[in-house]
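See structure below.
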Amino acid sequence: MGYIHCCGTLHKTKTYKVVPQGDFVLCELDFLKKCPVCGHTIVQLTRIDKDDNISVIRKTNSKAKEFFHRMQKFILYEKTSQTYNRCGKFYLNYNEYGVKKRCYSNLSSLKIGLHENKFL
């Protein structure tokens, strides 16, 4: 999933891998159907050649739709982002000093501040 800069912010787009033509090594097409701020349709073609020079072609609105329809026959596949499971089932029973934990943040079992000590 790529990003296109429009209206001062980055917006998530659909990214397609395109067949490289000529001296280009890598070609990607980003397509934003509708900007949430201004409502424009944006297509951006990013190409990299053998000398690591980057060329960008950017079209908006009706020209973007026409450009996308012309480029559809050169699209190989849509690039999707990989999702990672950020939470696991592993729990470490030791604190940062290597001492085994005795309390698992069970605040209901703590009696701190419930009774005042009259003899202090």
Side-chain angles (χ1 to χ4, degrees):
M1 183 163 291
Y3 293 94
I4 287 182
H5 188 268
C6 182
C7 300
T9 58
L10 292 174
H11 302 289
K12 289 184 180 180
T13 61
K14 288 187 177 182
T15 303
Y16 300 98
K17 185 80 172 184
V18 179
V19 176
Q21 297 174 350
D23 293 336
F24 295 105
V25 178
L26 178 71
C27 295
E28 287 186 355
L29 183 73
D30 293 319
F31 179 69
L32 179 64
K33 189 170 186 178
K34 183 179 179 183
C35 176
V37 179
C38 62
H40 289 167
T41 301
I42 301 170
V43 173
Q44 181 172 325
L45 178 66
T46 307
R47 303 180 294 184
I48 300 175
D49 65 357
K50 296 175 184 175
D51 298 328
D52 292 333
N53 297 324
I54 298 174
S55 68
V56 177
I57 299 171
R58 183 180 171 115
K59 306 281 183 182
T60 57
N61 293 333
S62 62
K63 290 184 181 180
K65 292 175 185 174
E66 292 172 15
F67 184 71
F68 183 71
H69 288 299
R70 278 189 278 137
M71 293 298 293
Q72 277 186 340
K73 59 185 172 184
F74 300 113
I75 292 176
L76 294 174
Y77 58 90
E78 180 180 354
K79 291 176 71 174
T80 56
S81 62
Q82 297 176 350
T83 56
Y84 297 103
N85 188 6
R86 294 187 181 193
C87 61
K89 296 181 181 178
F90 177 74
Y91 184 78
L92 186 61
N93 292 322
Y94 293 92
N95 65 4
E96 62 270 14
Y97 303 109
V99 180
K100 191 164 187 164
K101 293 181 183 178
R102 296 178 187 245
C103 178
Y104 292 95
S105 299
N106 190 358
L107 299 176
S108 62
S109 65
L110 296 177
K111 304 288 185 194
I112 298 173
L114 286 180
H115 303 288
E116 290 185 16
N117 193 351
K118 297 179 184 178
F119 301 108
L120 285 179

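Computed over heavy atoms, backbone and side chain alike; hydrogens, waters and symmetry mates excluded.
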(request) Indicate, with yes or no, if F24 and M71 share a hydrophobic cluster defined by side-chain heavy-atom contacts under 4.5 Å among Ile, Leu, Val, Met, Phe, Trp and Tyr. (result) no
(request) Kindly check if the number of other-residue, nucleotide or ligand heavy atoms within 6.0 Å of CG (N53) is above 12? (result) yes
(message) Under the side chain to side chain donor-acceptor pair (under 3.5 Å) definition, can you give me all pairs with a residue in residues 57-77, not counting sequence neighbours?
(response) Q44-R58
(request) Drop me the distance from E28's CD to L45's CG, to the nearest 0.5 angstrom. (result) 9.5 Å
(request) Please report the closest heavy-atom contact between I57 and F67, naming both atoms and the distance. (result) CG2-CZ, 4.3 Å
(message) For the CD1 atom of I4 and the CD1 atom of I42, what is their distance to the nearest 0.5 Å?
(response) 5.5 Å
(message) Can you tell me how far apart NE2 (H5) and SG (C7) are? Round to the nearest 0.5 Å.
(response) 9.0 Å
(message) Could you report the tightest heavy-atom contact between C27 and P20, atom names first, then the distance?
(response) SG-CA, 3.7 Å
(request) Heavy atoms only: give me the nearest D52-I48 pair and the separation to one decimal. (result) CA-CG2, 4.0 Å
(request) Would you tell me whether T9 and H11 have side-chain atoms, one donor and one acceptor, within less than 3.5 Å of each other? (result) yes
(request) Would you check if F74 and L29 make a side-chain contact, meaning some heavy-atom pair closer than 4.5 Å? (result) no
(message) Just verifying a value: how many Å separate L32 CG and T41 OG1, rounded to the nearest 0.5 Å?
(response) 7.5 Å
(request) Report the residues that fulfil ring-ring contact (aromatic ring centres under 6.0 Å, His included) with F68, sequence neighbours left out, ordered by chain and then residue number. (result) Y16, F31
